[in-house]
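Taking it in order: structure first as structure tokens, then the write-up.
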Amino acid sequence: MVFSSISFAQKKQNFVIVIDAGHGGHDAGARGVADLEKNITLDVSLRLGNMIEKNHKDVKVVWTRKTDVFLELWERTRISNDNHANLFVSVHCNSAVNTSATGTETFVMGLKRSNETDEVSKRENSVVFLEKNQERYEKFNPNDPEAVIAFEIMNAAYKEQSLRFADLVEKNFVSRDNRKSRGVKQNNFHVLRGNASPSVLVELGFISNSDEGEYLATEEGKQKSAETLYESFKQFKKEY
């Protein structure tokens, strides 16, 4: 009994963050003006995790990938849940046909959608077409009242904390880096939907834009992006 109590106390002491570098392997993600999305997201994710490991010995950092490998979306969620994450952060880069589009934005699970956010979710969810078993992803019908109620109940437990972390990220991008923020938004993302923890998907900026794409491919751009996510994590963990 003493051993069980000690083990439980040690387990409760640790904060677990799962950092998910979007795309990877044969899934390059968006093709930017200076680099591929999969390369930028991996670099930023590794920097973020290393900063946390260095400065927070009570935090367990788990990466869904640390190399250029392909992971199916359900695998990323499974890694998060298997490690009993207290926070899940999926790192991505945006892209648009309109190359003048700029700015960061952070998503949480939800049903408040627009044509603009639908385009982002369609692009990020399109990874399933590279997967072998696409049937594992249940299709959600927003016109079915029972489905909507079930959806809202499932996400209610972590929605407030997800929104809080997302808000910290966007405010820090503006105050720390003088970046343009497109705000906190909600939509239906496969990589967020199955997570039993506060979860966000961060778009670091538009790599289709000449200025922003060049910036995010530089050492300064990747380092500052990681530092902003780290500062947001520090604030979130303190409140948590």
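Numbering of residues begins at 1 and proceeds along the displayed sequence.
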Criterion salt bridge (charged side-chain N to carboxylate O under 4.0 Å, His left out) on Lys237 and Asp58, from CA distance to verdict: CA-CA 11 Å; Lys237 180 175 177 292; Asp58 61 329; 2.9 Å; yes

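- A side-chain donor-acceptor contact under 3.5 Å links Ser162 to the backbone of Ser199.
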Verdict with supporting geometry, Ile52 and Asn50, side chain to side chain contact (heavy atoms under 4.5 Å, CB included): CA-CA 5 Å; Ile52 294 173; Asn50 288 335; over 6 Å; no

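- Within the 3.5 Å criterion, the main-chain N or O of Ala85 finds no donor-acceptor partner in the side chain of Asn83.
- Side-chain atoms of Asn209 come within 3.5 Å of backbone atoms of Asp211 as a donor-acceptor pair (strictly under, hydrogens ignored).
- With a 4.5 Å cut-off on side-chain heavy atoms, Glu170 and Arg182 do not count as touching.
- His92 and Glu203 share no donor-acceptor pair across their side chains, judged by distance under 3.5 Å alone.
- Screening residues 167-188 for ring pair (Phe, Tyr, Trp, His ring centres under 6.0 Å) gives no qualifying pairs among residues at least two apart or on separate chains.
- The closest donor-acceptor contact from the side chain of Asn14 to the backbone of Lys60 lies at 3.5 Å or more, if one exists at all.
- Ion pairing between a basic and an acidic side chain is recognised when a charged N comes within 4.0 Å of a carboxylate O; Glu219 and Arg47 show such pairing.
- In this view, Arg176 and Asn172, Glu227, Thr228, Glu231 satisfy the side chain to side chain contact (heavy atoms under 4.5 Å, CB included) rule, not counting sequence neighbours.
- Although no hydrogens or angles enter the test, the distance criterion places no donor-acceptor pair under 3.5 Å between the side chain of Asp43 and the main chain of Asn39.
- The shortest non-hydrogen separation linking Lys38 to Gly24 is CB-N, 3.7 Å.
- For Thr64, the side-chain hydrogen bond (donor to acceptor under 3.5 Å, both in side chains) partners are Asp20, not counting sequence neighbours.
- Ring centroids of Phe15 and His56 are separated by 6.0 Å or more, keeping the two rings apart.
- Partners of Phe165 according to the ring pair (Phe, Tyr, Trp, His ring centres under 6.0 Å) rule, which considers only residues two or more places apart in sequence or in another chain, are Phe236.
- Looking only at side-chain heavy atoms (C-beta outward), Val62 and Ile17 stay at 4.5 Å or farther from each other.
- Screening Leu168, Val89, Leu87, Val169 for a side chain to side chain contact (heavy atoms under 4.5 Å, CB included) involving Phe233 leaves a single residue, Leu87.
- Within the structure, salt bridge (Lys or Arg N to Asp or Glu O under 4.0 Å) pairs that include any residue of residues 88-101 do not occur (at least two apart or interchain).
- Taking the side-chain hydrogen bond (donor to acceptor under 3.5 Å, both in side chains) definition, one finds that Arg179 meets it with Glu212, sequence neighbours left out.
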